[in-house]
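Notes follow once the structure below has been shown.
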Amino acid sequence: MSTEYWFNLRTGEVEEGAQSSWSQLLGPYPTREAASEALKRVKENNEAWEDEESSEHWDDDGGHDRKPTS
């Protein structure tokens, strides 16, 4: 079994194997380097989701404004 790495939000450190409470961890990541970049990835994902939410795609009501057919 390969080693998993976790980023600890409370301490800002990478853990080899989950050593802390799950509520404090991001992961698992396949490498120590990937775990150390966890907050960077979270920030990038949040920015991408914000961009996606502001796109025209989300202006569509998804059919929620349609009247039911009988």
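Every residue meeting the side chain to side chain contact (heavy atoms under 4.5 Å, CB included) condition with P28, not counting sequence neighbours, appears here in chain and number order: E4, W6. Under the rule for a side-chain hydrogen bond (donor to acceptor under 3.5 Å, both in side chains), the partners of S20 that lie at least two apart in sequence or sit in another chain are N8, E15. Here R32 pairs with E16 under the salt bridge (Lys or Arg N to Asp or Glu O under 4.0 Å) rule; sequence neighbours left out.
Within the 4.5 Å cutoff, the side chain of E44 has no heavy atoms near those of the W49 side chain. For the pair L39 and L9, the minimum side-chain heavy-atom distance is below 4.5 Å.
Separation of atoms CZ (F7) and NZ (K40) is listed at 13.5 Å; rounding is to 0.5 Å. Of the inter-residue distances, the one linking E13 atom CD with S36 atom OG reads 12.0 Å to the nearest 0.5 angstrom. Between atom OG1 of residue T31 and atom CD of residue E37 there is a gap of 8.0 Å, rounded to the nearest 0.5 Å.
For the pair A35 and Y5, the tightest heavy-atom approach, listed with the atom from each and the gap, is CB-CB, 3.8 Å.
Within a 6.0 Å sphere centred on CD of E47, other residues, nucleotides and ligands contribute more than 12 heavy atoms.
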